[in-house]
Amino acid sequence: MTAQPDHTTDRADRFARDLAALKIPDPATARNGLWLRAGGALLLVGLVLGVLTFPLTHATEDPLAQRDALAIGLTGVVCAVVGGAVYLRYSLTGFLRFWLARQSFDLSTLGERTAVDDGPREVEMDRVAVDGTEVGAPRS
């Protein structure tokens with residue numbers, strides 16, 4: 001038996017070369033990971049602040065202490081929203097970056113497969129009379 005050429009490794013190698021040529025940074029870089037962890041931590045801190053200040057506002061009847069606890073709780077809500085947005089942004093960045101690279105690679109391979117070296121060719125048309133006017137329709 002003859003050995004079959006492994007098209008999978010050729011395609012993977014070409015994809016890796018094309019990815020390097022696009023100069024797309026690896027999502028495993030330290031900065032993206034740092035922002036991802038910071039967003040998650042900020043989200044958790046905001047949730048903890050919100051949960052801890054709820055009993056503080058109901059434990060006292062002093063309006064000044066309640067307002068302080070409400071301000072801390074509102075800060076916690078803001079931290080949770082900002083942390084959630086940062087976490088979502090950096091968690092989706094890596095996926096979407098490589099999804100876009102994969103789409104462009106697939107489109108380029110599709111273009112290579114469907115490219116015709118003969119140049120543009122004419123489509124043969126049938127003449128169909130519609131309301132006394134002839135209109136070109138492609139043959140099936």
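Basis for what follows: all heavy atoms, side chains included, without hydrogens, waters or symmetry-related copies.
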*Step through the shown structure and confirm whether more than 12 heavy atoms of other residues, nucleotides or ligands are within 6.0 Å of CD on Q103.*
yes
*Answer yes if L88 and L96 sit in the same cluster of Ile, Leu, Val, Met, Phe, Trp and Tyr residues linked by side chain heavy atoms under 4.5 Å apart, and no otherwise.*
yes
*How far apart are the closest heavy atoms of L43 and A80, and which atoms are they?*
CD1-O, 3.2 Å
*Which pair of heavy atoms, one from G46 and one from C79, lies closest together, and at what distance?*
CA-CB, 3.9 Å
*Any side-chain heavy atom of S104 within less than 4.5 Å of one from L100?*
no
*Are Y90 and L42 co-members of a hydrophobic cluster defined by side-chain heavy atoms under 4.5 Å apart?*
yes
*So how far is it from Y87 OH to L44 CG, rounded to the nearest 0.5 Å?*
9.5 Å
*Which residues pass the side-chain hydrogen bond (donor to acceptor under 3.5 Å, both in side chains) test with R67, sequence neighbours left out?*
none
*So if you build clusters from Ile, Leu, Val, Met, Phe, Trp, Tyr with side-chain heavy-atom gaps below 4.5 Å, do L47 and L74 land together?*
no
*What are the two closest heavy atoms between Q66 and E61, and how far apart are they?*
NE2-CA, 4.1 Å
*Looking only at heavy atoms, which two atoms of L52 and P55 are closest? And how far apart?*
O-CD, 3.3 Å
*Closest heavy-atom pair and its distance - T53, G73*: OG1-CA, 3.3 Å
*Does L56 share a hydrophobic cluster with L49, counting links as ILVMFWY side-chain heavy atoms below 4.5 Å and allowing steps through other members?*
no
_Taking every non-hydrogen atom, the tightest pair across G39 and V86_ = CA-CG1, 3.8 Å
*Does one hydrophobic cluster hold both W35 and V82, with members joined at side-chain heavy-atom distances below 4.5 Å?*
yes
